[in-house]
Amino acid sequence: MIKGIRGAPDILPEESGKWQALEIVARDVLDRYGYSEIRTPAFERTELFVRGIGEGTDIVEKEMYTFEDRGGESLTLRPEATASLMRAYVEHSLGAKSSLVKLYLIGPMFRHERPQSGRFRQFHQVDVEAVGSPGPAVDAEVVALLHHLLEAWGLRGIQLHLNSIGDPACRPAYRQAFVAYAEARRSALCPDCHVRLTKNPLRILDCKVPSCQQVAAGAPTISAYLCEPCRDHFAAVRSMLDGLKIEHAVNERLVRGLDYYTRTTFEFLNTALGSQNAVAGGGRYDGLVEELGGPPTPAIGFAIGEERILASLEAQQTPPESPTYTGVYVATAGAEAFPTALDLVQTLRRRGLRAALDLEGRSLKGQMRQANKDRYRYSVILGSDELARGQATLKDMLSGEQRAIPLSEVVEHLTRLPEREQA
RNA sequence: GUGAGCGUAGCUCAAAUGGUCAGAGCACUGGACUGUGGCUCCAGGGGUUGAGGGUUCGAGUCCCUCCGUUCACCCCA
C-alpha cells in the first residue's frame, strides 16, 4: 500500500464539511472588512523566502521543502503566505491602485517539522494582510478583525497577547542591552540559549527552561527602549483596542520568530490546546516590501491556523455542523422501475433538490436503509404496482407517513415541500 | 534533528506468567418483516496480529532491526 506523506493528513469526506463551514465564515467576515482574496502559487523561488523570512530563522534553516526544478532552479513550497503575497503585491504594483490594499489568502503551507498535536507538515492558514498604511488604526482594525473572526467561529476562552518589538531606530539598542545582560549570565542559560545568544538573542525570552526564565524575568524590557514614535504607536493601538472593548495582555516576551516584524506583534492563544497553542499570530512588517525590492511600504498582517481553530472547536465540543435531513431518495422495487426512477432523480436535481437512487441493484430494504443513513428527508417508492397505476408512493422519512400521489405530480409536489428539516 | 509511548479486522479494543488466541462491539451485506429505513434478533464477508530476522517443541505475547504513529523538546499556525 502506498501511504500518504507523514504530517500531511487527508481531510476525509466526513470532515470536509467542517472545513467548508470554517472557510465560508472566514470569507464572509473578511468581505465585510473590505478584504479581497488573492491566490498565489504554492511554490516560489527559494530566494523569496530566504530574503523575506530571514536567513537565520528556523523556517529557512531547517524547515523548508526545497527542491530543484528541471532547469536547475531552486524552488520551495511556501512555508508561510506573507512573502508570496508581498511578492505578488510588488510584481503587479497593487499599491498603485489604492494606498491601502487589503488582501487575504487561504490555502496549504508546508514545513518540514516533526509532526505533533496541532502541528503538521502540510497545514492550512487563513492569511490576512493590510498593505500601505503605517498608522496605528490599521493595527487596531486588523486585530479587531481577527477577534471578530474567532468570535464568528464560536471560539471561547482565547487570549490576546500584544507587544511592540520596536523598529530599526530603537530595536538595535535594546538588542544590544539585552545581549549584554544575557552574556553576563551565560552560565545560567541552557545550551539552546547559548546558540540563541548569537543567532537570535531575543528568543531567549521565550525559552521554557526554568533557569532561562529566571534570567529572562530580570532582563531589560523592550518597552523601556522603544523610541518615541514606536511608543506612541503602541499606545495608540492599545487605546483603540480598549475603545473596542477588546481585552488584551501586553506580553513583553512575545518575540516572533520571523525577521520581518516591526512594532506591533500579537498572538491569540488557546490554553485548552496543549503544547501548540497559538491559534493565530501576526504583526507589523514595515520593512519587508522594501527588502523584496519594492518601494518602502508599511504593512501588517496575521495568519490563522485552520487545524488549530478546528481543534479548538472540538475541544470545546461545538462542532461546526449539525445533521439535517434534506432531499429525496428514490427507491425502486423491481428493475423495471429503474428507468423511471433515474429520470425522476435527474429532474429533481435540475430543480435544485438533493436527490439520489440506488445504483447497485440493492433490495428495497437496503435502499430504504441507505435513504435513512444519508439523511434524506423524503423517499419516493416506485414499483410495478405504482407504475401500473401511474402513481408513486411518497414517504416522509421523519414521520414515517406515506401516501400515493400521481406520478405526473411528484416533481411539483416535492419542490413545494419544506426543503430542510432539523433531525 | 532529539526523547518517550504505542502498533491485533474499516473503527474502538480483548486474548494471565510464551501453549486452540486469532476474538468482541461498532460499521458493512443479507435475512426474520413474501415491496419499505430508524428499534430488536440471527447469519455472513473481512485479519500473512506494521515489516523482516532471531530465541523456542511452540510467539500477537520475549530479543534485534526497520517502518509507521502519538506526545513532548526545538519552533510555530
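Residue numbering restarts at 1 for every chain, and letters A, B, ... go by the order of the sequence lines. Computed from a predicted structure; not experimentally measured.
Side chain to side chain, T297(A) and E290(A) fail the donor-acceptor criterion of an N or O pair below 3.5 Å.
Rounded to whole angstrom, the span from the CE atom of M64(A) across to the P atom of C75(B) amounts to 18 Å. Rounded to an integer number of Å, the gap from CG of L357(A) to P of U36(B) is 19 Å. Between E267(A) atom CD and C75(B) atom P the separation is 13 Å, expressed in whole Å. Remark: C1' of G37(B) and CG of D358(A) are 14 Å apart, rounded to the nearest angstrom. Atom NZ of K373(A) is separated from atom P of C39(B) by 13 Å (rounded to the nearest Å). Whole-Å rounding puts the E129(A) CD to A77(B) C1' distance at 13 Å. Across the protein-nucleic acid pair, W153(A) atom CH2 and A77(B) atom P stand 15 Å apart, rounded to whole Å. Here G38(B) presents its C1' atom at 17 Å from CD of Q367(A), a figure rounded to the nearest Å.
Comparing the C1' positions of U49(B) and G60(B) gives an interatomic distance of 5 Å, to the nearest angstrom. Using atom P as the reference point in both G10(B) and U48(B), the two lie 8 Å apart (nearest Å). For the C1' atoms, the distance linking A9(B) with A15(B) amounts to 15 Å, nearest Å. Distance noted for atom P between U70(B) and U34(B): 48 Å (whole Å). Comparing the same atom, C1', in A77(B) and in G54(B) gives a spacing of 46 Å after rounding to whole Å. A16(B) and C75(B) have their C1' atoms separated by 45 Å, given to the nearest Å. Between A27(B) and C71(B), the distance separating the two C1' atoms is 29 Å to the nearest Å. For G68(B) and C57(B), the P atoms lie 35 Å apart once the distance is rounded to whole Å.
Every residue two or more places apart in sequence or in another chain that forms a ring-ring contact (aromatic ring centres under 6.0 Å, His included) with H112(A) is listed here: Y65(A).
Ion pairing of E44(A) with R87(A) is present here, as a side-chain N (NZ or NE/NH1/NH2) and a carboxylate O approach within less than 4.0 Å. The pair D242(A)-R238(A) does not meet the salt-bridge criterion, since no charged nitrogen lies less than 4.0 angstrom from a carboxylate oxygen.
Position along RNA chain B of the nearest nucleotide to E306(A) versus G383(A) favours G383(A) as the more 5'-ward residue. When each of G281(A) and M368(A) is assigned the nucleotide of RNA chain B with its nearest heavy atom, M368(A) is the one assigned upstream, toward the 5' end.
Only R119(A), F120(A), F123(A), Q125(A), listed by number, bring a heavy atom of residues 119-126 of chain A to less than 4.0 angstrom from any atom of RNA chain B.
Side-chain N/O atoms of Q402(A) and base N/O atoms of U36(B) include a donor-acceptor pair closer than 3.5 Å. Interface remark: the R369(A) side chain does not form any donor-acceptor pair with the C28(B) base, using a distance-only criterion of under 3.5 Å. In the interface, the side chain of N372(A) is not paired with the base of G38(B) through any donor and acceptor atom under 3.5 Å apart. With hydrogens and angles ignored, a donor-acceptor pair under 3.5 angstrom links the side chain of R114(A) to the base of U2(B). Donor-acceptor pairing under 3.5 Å, judged by distance alone, is absent between the side chain of K3(A) and the base of G68(B). For E386(A) against G35(B), a side-chain-to-base donor-acceptor contact under 3.5 Å is present. No hydrogens or angles were tested; on distance alone, a donor-acceptor pair under 3.5 Å links the side chain of K395(A) to the base of U36(B).
The side-chain hydrogen bond (donor to acceptor under 3.5 Å, both in side chains) analysis of residues 128-140 of chain A, with sequence neighbours excluded, yields the pairs T82(A)-E129(A), E129(A)-Y285(A), D139(A)-H233(A), D139(A)-T264(A), D139(A)-R284(A).
Under 4.0 angstrom from either OP1 or OP2 of C75(B) there lies at least one side-chain N or O belonging to R196(A). When the side-chain nitrogen and oxygen atoms of T393(A) are compared with OP1 and OP2 of G35(B), none of them lie within a distance under 4.0 Å. Contact annotation: K365(A) side-chain N/O to U29(B) OP1/OP2 distance is not under 4.0 Å.
Between F178(A) and Y174(A), the ring planes lie tilted relative to each other; the angle falls in the 30° to 60° range.
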Pair up each side-chain donor or acceptor in residues 331-347 of chain A with any protein partner under 3.5 Å, not counting sequence neighbours, and list the distances.
from	atom 1	to	atom 2	distance (Å)
Q346(A)	OE1	R349(A)	NH1	2.8
T347(A)	OG1	D343(A)	O	2.9

Could you list the donor-acceptor pairs under 3.5 angstrom formed by side chains in residues 103-111 of chain A, with sequence neighbours left out?
from	atom 1	to	atom 2	distance (Å)
Y104(A)	OH	R27(A)	NH1	3.4
R111(A)	NH1	P79(A)	O	2.6

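For the pair W153(A) (side chain) and L22(A) (backbone), a donor-acceptor distance under 3.5 Å is present. Using modelled atom types, one side-chain atom of R185(A) and one backbone atom of Y181(A) make a donor-acceptor pair closer than 3.5 Å.
Looking at heavy-atom distances under 4.0 Å, G118(A) makes contact with a base. If you check every strand for non-hydrogen atoms under 4.0 Å, E360(A) touches nothing. A371(A) comes within contact range of no nucleotide atom at all, as no heavy-atom separation falls under 4.0 Å.
Checked against a 6.0 Å centroid threshold, the rings of Y33(A) and H148(A) count as neighbours.
Comparing C75(B), U36(B), A72(B) by their nearest atom to the side chain of Q116(A) picks out A72(B). Listed nucleotides: A77(B), G30(B), C73(B). Nearest to the side chain of S363(A): G30(B). Closest contact between the side chain of R362(A) and the listed nucleotides U29(B), G68(B), C74(B) involves U29(B).
A cation-pi contact, defined as under 6.0 Å to the ring centre and within 45° of the axis, is absent between R78(A) and F43(A).
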How does RNA chain B read in dot-bracket, base by base from 5' to 3', with Watson-Crick or G-U pairs under 3.5 Å and | used when the partner is on another strand? (((((((..((((.....[...)))).(((((.......))))).....(((((..]....))))))))))))....
